[in-house]
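Below: one structure, written as structure tokens.
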Amino acid sequence: MKIEAIHMREIAMPLAHPFETSFGLTTERRILLVELECEGVTSWGECVAGEHPYFSDESIDTAWLMTETELAPRLLNAEVSAGTDCPALFEQVRGHRMAKGALENAVWEMDALRQGISLSKLLGGTREKIPCGVSIGIQATPQKLMETIEKELAAGYQRIKLKCKPGWDEEIFERVRARWPEILLSCDANSAYRLEDAERIAGWDRFKLLMIEQPLWYDDFFFHAELQRKLKTDICLDECIRNRRDARAALELGSGRIINIKVGRVGGFSEAIAIHDVAQSLGVAVWCGGMLEAGVGRSHNIALASLPNFSLPGDVSASKRYWAEDIIEPEVTVSAQDAAPECSSQLGRNQRSGTGIASSVWTASCTDIGPDSGRKSVAVILSFIATVLITTRMVRCVSSLE
Ligand code: OSB
Ligand code: MG
């Protein structure tokens, strides 16, 4: 495949509800999308970097700069046989994994489109059913949180993850557990704690959390191992796992017992798959994280989550949890279903007239979720050809570096 043109666009997307984590409040996302062209086929990638470098050291502005000046020029007119060729193309540029991931994932999507197979299949996906959970931000009041949890459980989500920080932790877990003693419950600190909190965090074993995500520094796994030794609850690593070597080192050190794989954080599908494989070989479960993606990134996450070792519910939720209107059509939907759902696949082309934007395909297989004994389960429809609708949200556009 020779990549003949690359287009970069920034769009602005207001979140349906503000999302608060220990590192800040997000009310609107600025999203960098890349579009590739090759012999009449168009494919897309979404960069997950936030507006500020608060989750990692990348931001949309650093990603834009690196994509325009370093990465896209390396990919443009390059002869690539598959997405797996991208890491070597980009190797000279250190870091900037979220920027690299957007381009690499667009190459994988291009490959799937040209071969006429689903992205899930190309990635090595085997699952037709993907367990889905939700990540719930810090709320204005505990009461508001309880209402939100109630709504998400009613929608069928299988795991509730609570964002936490000092001041929004044990009292909250206490209340939630008092009301829902049995649900799969986890928390995500986004690096809000320090070693002096270790004894207090060890006390959280009483809440029977499925995991505690990234309690300590974003770039640490040495001290996470020290903390993990004091806990019965599993630590899940997110921010600090950048690649397969980190995954291996962290798991061998005992820094955690679960890994959250985010395809953007690790620089694209090639590395995400490698981390999945390392974890699998060590008998460690992984799950698919999210970064408040719009539809392009969301679809890519779903395809990734179809790999076999993604055995825990991911932060893979419906478009409407985040957006009044997503940028893909159809949107990612999740429907509560009783018992084993049918595999829904829609393969029609949905073209909304007048947008002037090319359409793109995500075919994964389908969907649904998890354990079940009469409980509701959730289906994500992930086999579709979606149109990307972005004209009304465009902030800037650079067309191709041709
Ligand atoms: O740590 O998983 C995280 C959102 C932004 C940045 C970091 C994280 C998150 C989430 C949201 O938890 C997950 C989602 O997209 O649903
Ligand atoms: Mg996290």
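Throughout, residue positions are numbered sequentially from 1 according to the sequence presented. Counting starts at 1 for both ligands and their atoms, following the listed order.
- Less than 4.0 angstrom separates some heavy atom of Phe19 from each of these atoms of ligand 1: 4 (C), 10 (C), 11 (C).
- When you scan the N, O or S atoms of Asp188 for the one nearest the Mg ion (ligand 2), you land on OD2.
- The pair Arg94-Asp57 fails the salt-bridge criterion, with no side-chain N (NZ, NE, NH1 or NH2) lying under 4.0 Å from an Asp/Glu carboxylate O.
- Note on Asp238: its N/O/S atom closest to the Mg ion (ligand 2) is OD2.
- Ile60 places none of its side-chain heavy atoms less than 4.5 Å from the side chain of Ile31.
- Of the possible polar contacts, none joining the Arg244 side chain to the Ile275 backbone as a donor-acceptor pair under 3.5 Å is found.
- For Arg321, no heavy-atom contact with ligand 1 is shorter than 4.0 Å.
- Closest to atom 13 (C) of ligand 1, if we only count protein heavy atoms, is Gly290 O, 3.4 Å.
- For atom 14 (C) of ligand 1, the closest non-hydrogen atom on the protein side is Tyr322 OH, 3.2 Å.
- The heavy atom nearest to atom 6 (C) of ligand 1, out of those in Arg265, Glu213, Met291, is found in Met291.
- Taking the Mg ion (ligand 2) as reference, Glu213 places its N/O/S atom OE2 nearest.
- In the vicinity of Lys163, heavy-atom distances shorter than 4.0 Å reach the ligand 1 atoms 1 (O), 2 (O), 3 (C), 8 (C), 9 (C), 10 (C), 12 (O).
- Residue-to-ligand polar distances place Asn190 within reach of ligand 1: an N/O pair is separated by less than 3.5 Å.
- A salt bridge links Asp315 to Arg159: one of the charged nitrogens lies within less than 4.0 Å of a carboxylate oxygen.
- Comparing Gly24, Gly289, Ser135 by heavy-atom distance to atom 12 (O) of ligand 1, the nearest is Ser135.
- For a distance bound of 2.8 Å, the N, O or S atoms of Glu239 include none lying that close to the Mg ion (ligand 2).
- A centroid separation of less than 6.0 Å is found between the aromatic rings of His300 and Phe269.
- By the 6.0 Å and 45° rule, Arg30 does not stack over the aromatic ring of Trp64.
- Salt-bridge annotation for Glu58 and Arg97: absent, with no side-chain N of the basic residue lying under 4.0 Å from a carboxylate O of the acidic one.
- Note: an N/O pair closer than 3.5 Å links Asp238 and ligand 1 by distance alone.
- Residues Tyr322 and Met13 fail the side-chain proximity criterion, which asks for heavy atoms closer than 4.5 Å.
- Remark: minimum distance from atom 15 (O) of ligand 1 to any protein heavy atom is reached at Leu292 N, 2.9 Å.
- Only side-chain heavy atoms of Asp188 come within less than 4.0 Å of ligand 1; its backbone N, CA, C and O stay farther off.
- Under a cut-off of 6.0 angstrom, the local environment of CD in Glu91 is sparse, with at most 12 non-hydrogen atoms contributed by other residues, nucleotides or ligands.
- Salt bridge Arg298/Glu331: absent, no basic N to carboxylate O contact under 4.0 Å.
- Lys262 NZ, 2.9 Å is the protein heavy atom nearest to atom 3 (C) of ligand 1.
- Contact annotation: Gln214 has no heavy atom less than 4.0 Å from any atom of ligand 1.
- By the 30° and 60° cut-offs, the orientation of the rings of His276 relative to Phe310 is parallel.
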